[in-house]
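Just so we're on the same page: letters track the sequence lines, and every chain starts at 1. This is a predicted model, so every value here is computed, not measured.
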Amino acid sequence: MVNPQIEGKIYPRTSSYLVGREKIREFAKAVFSEDPANHDIEAAKALGYKDLIAPPTFAVVIQERSLTTVLADKEAAIDFSRVVHGDQRFIHERPIVAGDELVSELKVASVKTLAGNHMVSFETAIFDGSDALVCTAISTLVVRGDS
Amino acid sequence: MSEQKLTIGQELPAREFRITRDSLVRYAGASGDFNPIHYRDDFAQKVGLPGVLAHGMLTMGLAVQVVVDFVGGSGKILDYQVRFTKPVLVDAKDGATVTVSAKVIEIAEDGKSARIDLTAVAAELTVLGKAQVRVKI
């Protein structure tokens with residue numbers, strides 16, 4: 001079950017997440033990245049960045065911190081054991097760079113029911129320390145029905 | 001890796017990714033997604049899955065590398081979306097292979113961005129749907 005009333009609900013901003021250089025290297029290795037700008041500071045600097053840049057899907061780590069808040073929300077009533085990731089999108093204003101301090105704010109964009117399953121779409125806006133938008137992460141979770 | 005000129009219909013060099021249980025544990029640690037369906041056979045079976053599955057986000061994360069390599073880095077990716085259509089089963093001994101190919105679909109009128117679509121196949125099944133990348137050129 002999902003409470004359809006949470007459509008439109010905005011969850012409070014998370015505490016800030018400091019993007020670590022070694023975290024970027026660790027994540028880059030895990031997604032088989034061979035992009036020098038994910039591993040080598042000189043390569044990233046040569047492209048004009050002040051430190052390593054993260055792979056394009058690293059923003060999931062930030063999104064997850066907001067999603068955890070929703071999954072723990074009793075009002076949302078989302079049964080995590082029935083959740084399947086349906087789709088995912090990242091719209092980047094700029095790459096995430098080591099040293100960024102990021103906060104995220106999540107909005108429940110829609111709650112739909114289709115063939116007994118619930119589909120909940122979330123929009124997570126990720127901001128940097130100067131409150132500029134870095135990335136919008138859009139995710140749909142499918143919550144399987146009782147059948 | 002270098003920046004290359006893109007033309008509509010152009011196919012990018014495909015890449016084969018070998019995923020093992022080690023890859024799943026590594027991704028779990030890197031991403032913080034410790035759902036046991038990604039490393040415990042008994043747990044996967046208990047929740048009715050055929051076996052341990054790769055994180056959808058791991059498949060998404062590695063698939064885009066084909067584009068990253070070709071267009072000159074992670075910083076060129078403006079927008080990236082996928083649907084998770086089929087799970088990637090990762091055998092304890094044999095792992096799994098995900099083959100990713102990519103094709104240039106559209107170049108923006110202003111010539112500043114392009115859309116590249118990805119195809120990701122594991123065990124002869126297409127595992128990502130509507131896998132679209134918009135890149136800066």
**Request:** Give, as side chain, backbone, both or neither, the part of Ala43(A) having an atom under 4.5 angstrom from any heavy atom of chain B.
**Result:** neither

**Request:** Answer with side chain, backbone, both or neither: which region of Ile53(A) has an atom nearer than 4.5 Å to a non-hydrogen atom of chain B?
**Result:** side chain

**Message:** Quick one, His38(B) and Asp33(B) - any side-chain contact, counting heavy atoms below 4.5 Å?
**Reply:** yes

Do you know which of [options] has the most heavy-atom pairs under 4.5 Å to chain A?
options                       : answer
Tyr80(B), Phe84(B), Tyr27(B)  : Phe84(B)
Ser74(B), Gly56(B), Gly61(B)  : Ser74(B)
Leu58(B), Asp79(B), Val133(B) : Asp79(B)

Neighbour count >12 (heavy atoms, 6.0 Å) for atom [atom1], [X]:
X         : atom1 : answer
Arg115(B) : CZ    : yes
Glu109(B) : CD    : no
Lys107(A) : NZ    : no

**Message:** Heavy-atom cut-off 4.5 Å, strictly under: side chain, backbone, both or neither for Arg15(B) against chain A?
**Reply:** side chain

**Prompt:** Given a strict heavy-atom distance threshold of 4.5 Å, which part of Gln81(B) is in contact with chain A: side chain, backbone, both, or neither?
**Reply:** both

**Request:** Could you check Ile105(B), Val71(B), Ile77(B) and say which one makes a side chain to side chain contact (heavy atoms under 4.5 Å, CB included) with Ile116(B)?
**Result:** Val71(B)

**Prompt:** So, for Ala137(A) and Gln88(A), which heavy atoms are closest and what is the spacing to 0.1 Å?
**Reply:** CB-NE2, 4.0 Å

Would you mind telling me which of [options] has the largest number of heavy-atom pairs within less than 4.5 Å of chain B?
options                                  : answer
Arg94(A), Lys29(A), Glu93(A)             : Lys29(A)
Thr57(A), Asn38(A), Ile138(A), Thr140(A) : Thr57(A)
Phe27(A), Tyr49(A), Phe58(A), Phe90(A)   : Phe90(A)

**Asked** What's the verdict on side chain to side chain donor-acceptor pair (under 3.5 Å) for Thr69(A) and Ser66(A), showing C-alpha distance, side-chain angles and the deciding distance?
**Response** CA-CA 5 Å; Thr69(A) 316; Ser66(A) 274; 5.4 Å; no

